Every structure is written in structure tokens, then in C-alpha cells.
S.K.: 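Here it is, the structure in full.
For the numbers below, each heavy atom of this structure counts, side chains included, while hydrogens, waters and symmetry mates do not. The chains referred to below are lettered A, B, ... by the order of the sequence lines, with proteins before strands, and numbering in each begins at 1. It should be emphasised that the depicted structure is a prediction, and the values quoted were computed from it without experimental measurement.
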Amino acid sequence: MSKLLTTTETSTGRTVTVVFTGTLDISTIDQALAELAEARAEAPELVIDLRQVDFIDSSGLSVIAQTAQQAAETGFTLSVVPNAQARRLMEMTGIASYVRIEDRDA
Amino acid sequence: MSPVDPPSDSALLREVRHWLALAVEDLGFGVAVAEAGSERILFANRYAKEVWRRLAQTDGVAAGYRGFARDGRPYSPEEWPLRRALRLGETVSHEEISVEFASGTKGVLALSAGPIRNDHDELVGAVVTMYDLTDHRRAEETLKFMAEASAVLTESERDYEHMLRRLAHLAVPRLADWCAIDLWENGMIRNVGVAHVDPAKVELAHELQRRFPPAPDSPRGVANVLRTGRSELTPEIPDALIDEATPDPDMRQILRDLGLHSAIVAPLSAHGETLGALTLISAEQRRTYTSDDLILAEDLGHRAALSISNARLFREQIEINQALQQSLIPDTLPSLDGVEVGAVYMPAGEGSQVGGDFYDAWKLEDGAFGVAIGDVQGKGPRAAALTSLARHTMRAAALHATSPAHVLRLLNDAAIRSDFKQFCTAIYLTMTPAADGFTTTVAVAGHMPGMIRRANGLIEQAGRPGTLLGMYEDVKITDDTLHLYPGDALVLFTDGVTERRDGQRQFGEGRLRAVLSAAADQEAAATARSVADAVGAFSSSPAQDDIAIVVIRVLETDRAERVA
């Protein structure tokens, strides 16, 4: 059984939302990056929804950091809907200042 | 006789009998018929005669040959299936009997027998059928062996000598009575495994190897195969061959007494290189090796060589990584006036990947010094390269930068320009001697802030969160200045400490604070060790991330000197 589940929704052809559920750590980084690369090809605005993630550490955060880096380089828009753990990590690493953070009710 | 007349019954019968005899003669199994009373064989087809010939019997009833049931119990003459059918009227269906052929080779026969009765239900004879299962059994054993050998070859890659010994044991007695594996190392033949079902014979082989070490220039056998990389098949080993190949008379006699019958020596070759040789010898079983067996041995040798080659590459890689890792983490931190420094570094895994954690400390002007800790994203050579860049950039920048935050911003510029496309987190701090301790300035970039353990056990944060390095041109990193008094300790660590997992639980900052607080009277090295032990004890699962801990403690003696 996979530790990370992904669902991808596209709305209005402009925004693609990737919802991660489960664990985002060193064991699921590659899977998460692959899912994001696939989703990004579908629309110019990418939303990563982490509210269903029950565990994320700094390895998991590197998924957000790398995607943010790609967003800056290739010019797509990235928003993150964090859970509390992800928000703390994003603030500690300063990533919070560089990606759009959307607050939505969990 | 006109063409329309049907043949008389007796003529048809004769013809059918003739066809039947022809058909039975060439059947792929043995059929024989014996008469009751006289126990004379009335008929036997080609296959049956061939089996008897190989058993050195003129017919199957004399039963002078020996057979054994599966459990090893010998068959008495009355027990043979044909006898039982002939004398008792018994029907025997598929009895597997182990036999020894006249050549000395062991085999397995499947026998069935049944009585023949006349119209008055009188026992007049019996029929026996036989099939030589030897090759089938051997093929089955070989398949089983290959499956088990494959498992051994893939599972224990790291310790290949152990793997080779297990392989030798698997081959005995299914493929051979003796199996030996030798490696070619620095111009010498080194035996790594000998197997025989009898431990006394294994001991004898070891003794022979001690007394008569193999000569690398020998024209036959292991030495020749190692030299040429080509296998040798000796279907039958005559005494003359032993005599010719063995100059020593003692050795010659021992080898003759062992009753060596047939041999294969196959190279352990991979990537065009011969690493060793596999020797299979049939003795007690008197199995005569064929070209099929040679192909099997060559295949086995090739696969064993691939495993050895992989294991050696893996070992080399670990050695390179360890050397690389050592170049990233200083062996000893410099001794710094007024403080003691303790550090622990624990790489995750077995050293197959270079980790991204680093730390360093160096002297600045006027008794001041700088301390760095950091964590580069990812593992392996790229992470190692960025780690190296980070350490050296910080050391160089520290000499002319105006503050620790400035040092980290310069590192950020270097990392972005380096095209590594990887990011890192770091803390850099300076400590400058001041009245009653040290003035300390801490800058944090994407890293967990450090902790100060006051002499009384209270824990405070050292440094304010700042942006990680290598991603953004414009980073927010600030200097945080504080004072350390004698007995205070500054604790820096990487996320392998706080993010150590036990299921979904993390070690976390709370536990770290508790450990540090409880160790308030410990010196720097003991404090670092206490943290590492607590992290290690937190979870039984293997660590996924490297752990680095650096503790700098201001010496109490410093206070004494200053007061004096």
C-alpha cells in the first residue's frame, strides 16, 4: 500500500489542484514530484493541497521547495494550502515568503 | 485366396502379434514377460535389455543387483516387483528404487509389475515395466539447485566469500560430491570454500591445501582455468591422469584413494575478467559429467562472478563515500580558547550514499571564532559537491564579511550561481570573547535555530528563522546577538535529530530541550553524546537521515581566570 495518495483536479482549464493524502517524507518524495510534474503540464496555475497530509518533514518540504524553484524558473503560478506542520516548516525555511499560501478550512 | 476374402482369424492374429512385438520392442520404457515356475524371461524389449545390461544383469529375475527404497532400506531379492508378481500374483504400481549401475553411477528406476493368468485363473507369468528416472531426478535436482543458488547469489551480495561458501554447500551432493571455489588474488590462488557431505573429507581437503598449495603455473585444473578463462571437463579421471598431474607421491596416493571419478572446473568470469574458479568433482556417486553439466557450471560461475564483481564495486563505493564524507566533516574541531567543543555525526544507512550534513569551526581574529552547521538537500555526489562548496565558501567569506548573516548571503549567491539546483540550510555564528563570556552572533538560513542551554538548565532559542539557501536571489537572513556566560552551552543540530521518527511520532524540539536541560552539568562532548543516545533510543527503525550535533560550552575556568 502506498504511503502517499494523490488526487488531481482541473478546474476551468486554468488551475490544477493536486491533493496529497498520507505521508510526505523521504520515502514518497519521488512519487510526489512525478505527480506534480504530470499535473503541471495540464494548466498554468498549480495548487498543492497539503491539508490531508498527516505527516510532512523537511524531506517532504523539499517537494514544495523544488516546485517553487521550477515555478520561478518556468513562470507558472504556485499556491500551497498547508496544514499546521507544513506551515511551520515553510516559515522556518523562509519558503512561506516566496509561494502564495492559501488558507482554507481543513 | 481372392482379394475379397477376409483373412482368416489366425492370419490376422499372427499379423497383429507381429505388429505388437515390433511396437513393444521400440517403446520408450522397458517391458519384459517372465514365466511362472521356471521364472524364465520369455520376452524383453530393447529398453529393458539395456537397463539390465547397465546393471550388469542378463535378466531381471536373477536380481543379484542391489536396490534401495527411498528411505535407504535395501531390497531383498524377494521384494523386487517382478518376483512379487510372479510368485505372489501381486500387482505393483510405480515403485521407485535406487540402484547402482555397473559403472558405479547411482540411479533411480521406476518399476511396475503385474501377474498374467490363463483362462482358468492360474498364475502363468508376470509382466514388468521399467523406466530409468535417473536423468529426470537429476534435472529436478538441478532445477532446485539453480533456484536456491539464485537466491544465495542475490541475497548476500556484500559478503561475497560467505555467499561463495554457501554456494559450494548447495552444490553438494546434488551436483557433485566435492565442490570447491577458489579466487585469484594478487597472483595467488586462494581457496574460499570446500564442501563435501563428510566433514572429515573437508578437513582432509584443507590439509591437502596446506601441505600442497596449488601451483599457479600448473598446466591443468584450477590454475589453467584461471589463466585461460576457459572451462575444463574431464568426464572420467583415470589414475594415470592423477599421477601425471600430481608430482608428490603422498598426494598422489591420497587422491587415488578418494576415488575421484569425473570433474568440471569452470571459471568465475564477468566483464571479461576471471576472478576465480568453481570445481565440481564426482567421486562416490560416480556421476559422469557431460557437456550439459559443463554449461550449467559455466553459467553458475558467470553468475557468481557477477555477484563478486557487484560486491567489490559496492565495497569500493562505500570506501570512496567514507573518504568523501570524511573530507566534509572535520576529523577534529580546532581547540578554541575559552570553550570546549563536542560533536557527533551519524550518517544514515551503511555509507552507500554520502550524506548532506556538515559542520565546521575555525578561528577568526583576536580570539574570536566561527562555527557552522548545515544540511544540503539530497544525498550522493551532487549533495557532497554542494556541501564542499558551502564549507569552503563560508570559510572564505568569514574572513571579510561584516556579520554572520552576510556570510550566509554570500553563500546563497555562490550556491545560486553554482547551478547545483539544490538548496541547503545552514547556521553560521561567531563567538567573540567579552567580559564574562562570549558575545555571540547567530544567523540562520532555513535551518532549525540553535538552542542555548544556560548553566542553570534553562533552554533558549539561538537565532531567528531565515530563508534557505540556493533558491532565491533575495533572502531574509538576520543576525541575532546574544551573550554566553561561563557554563552556558550553544547547541546546533540538523533535522535528523528533531525529525527522528517512531511511526508518526517525531523526536521533536520538546524532547531535545528536555534532554539538554537534564544534561546541564555535562561537558560539551557528553552533552552531544546524550542527545545522540536519546535520538537513537527513540526509535528502533533505522535512521532515514544523517544526524549532526555540535555543542560549544563556555568554560567555567575562564570565569575563574577573569575574576582573578
Side-chain angles (χ1 to χ4, degrees), chain A residues 1-5 20-34 36-37 50 52-76 78 80 82-101, chain B residues 348-349 353 355-357 375-379 383 408 412 415-416 419-427 444-449 461 463-478 494-509 541-546:
Chain A
M1 198 189 73
S2 174
K3 291 166 74 183
L4 181 73
L5 291 175
F20 288 122
T21 306
T23 300
L24 205 51
D25 66 3
I26 196 158
S27 66
T28 51
I29 288 180
D30 291 343
Q31 183 197 343
L33 285 173
L36 288 171
L50 300 173
Q52 322 258 4
V53 167
D54 51 31
F55 185 89
I56 179 169
D57 62 9
S58 53
S59 303
L61 188 76
S62 73
V63 169
I64 308 299
Q66 285 182 51
T67 309
Q69 208 168 16
Q70 288 156 0
E73 278 168 11
T74 57
F76 65 89
L78 172 68
V80 176
N83 65 5
Q85 208 173 14
R87 178 183 281 275
R88 210 165 42 241
L89 284 167
M90 288 172 72
E91 280 167 2
M92 191 183 80
T93 55
I95 291 174
S97 314
Y98 297 89
V99 298
R100 202 159 72 201
I101 294 188
Chain B
Q353 286 274 297
D357 285 9
D375 185 359
V376 169
Q377 174 218 356
K379 280 181 155 271
L408 292 180
N412 186 54
I416 286 176
D419 254 4
F420 278 117
K421 298 207 170 194
Q422 264 168 313
F423 55 85
C424 75
T425 68
I427 295 179
V444 180
H447 204 89
M448 288 284 287
Q461 181 173 309
R464 285 190 288 272
T467 316
L468 45 69
L469 306 171
M471 278 184 64
Y472 307 106
E473 293 275 357
D474 175 30
V475 288
K476 290 189 191 79
I477 298 168
T478 52
T494 54
D495 55 15
V497 173
T498 44
E499 293 188 345
R500 178 79 172 112
R501 294 255 299 276
D502 182 37
Q504 295 291 83
R505 291 189 315 139
Q506 281 187 326
F507 186 76
E509 282 177 72
S541 60
Q544 286 186 325
D545 200 359
D546 305 342

S.K.: A:Ala65 versus chain B, heavy atoms under 4.5 Å apart: side chain, backbone, both or neither?
M.R.: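 Both the backbone and the side chain of A:Ala65 come within 4.5 Å of chain B.
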S.K.: Step through the shown structure and confirm whether more than 12 heavy atoms of other residues, nucleotides or ligands are within 6.0 Å of CD on A:Glu73.
M.R.: yes
S.K.: Tell me, out of B:Lys476, B:Met448, B:Glu499, who's got the most heavy-atom pairs with chain A below 4.5 Å.
M.R.: B:Glu499
S.K.: What pair of heavy atoms forms the shortest contact from A:Ala68 to B:Met471, and how long is it?
M.R.: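 Closest approach of A:Ala68 to B:Met471: CB-CE, 4.2 Å.
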S.K.: Between B:Arg464 and chain A, with a heavy-atom cut-off of 4.5 Å, which part of the residue counts as in contact: side chain, backbone, both or neither?
M.R.: neither
S.K.: Just verifying a value: how many Å separate B:Asp495 CG and A:Leu61 CG, rounded to the nearest 0.5 Å?
M.R.: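 Here the rounded value is 10.0 Å.
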S.K.: Can you tell if the side chain of A:Asp57 reaches within under 4.5 Å of the side chain of B:Arg501, non-hydrogen atoms only?
M.R.: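 A:Asp57 reaches B:Arg501 side chain to side chain.
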S.K.: Non-hydrogen atoms of chain B under 4.5 Å away: do they reach the side chain of A:Gln70, the backbone, both or neither?
M.R.: neither
S.K.: Go through A:Ser59, A:Ser58, A:Gly94 and name the one with the most non-hydrogen pairs under 4.5 angstrom from chain B.
M.R.: A:Ser58
S.K.: Tell me, for A:Ile29 versus chain B, whether the close heavy atoms (under 4.5 Å) come from the side chain, the backbone, both or neither.
M.R.: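 For A:Ile29, no heavy atom lies under 4.5 Å from chain B.
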S.K.: Please rank A:Ile95, A:Thr93, A:Asp54, A:Asp25 by heavy-atom pairs under 4.5 Å with chain B and give me the top one.
M.R.: A:Thr93
S.K.: With a 4.5 Å heavy-atom cut-off, do A:Tyr98 and B:Thr467 have their side chains touching?
M.R.: yes
S.K.: If I measure from the heavy atoms of chain B, does A:Glu91 come under 4.5 Å with its side chain, its backbone, both, or neither?
M.R.: backbone
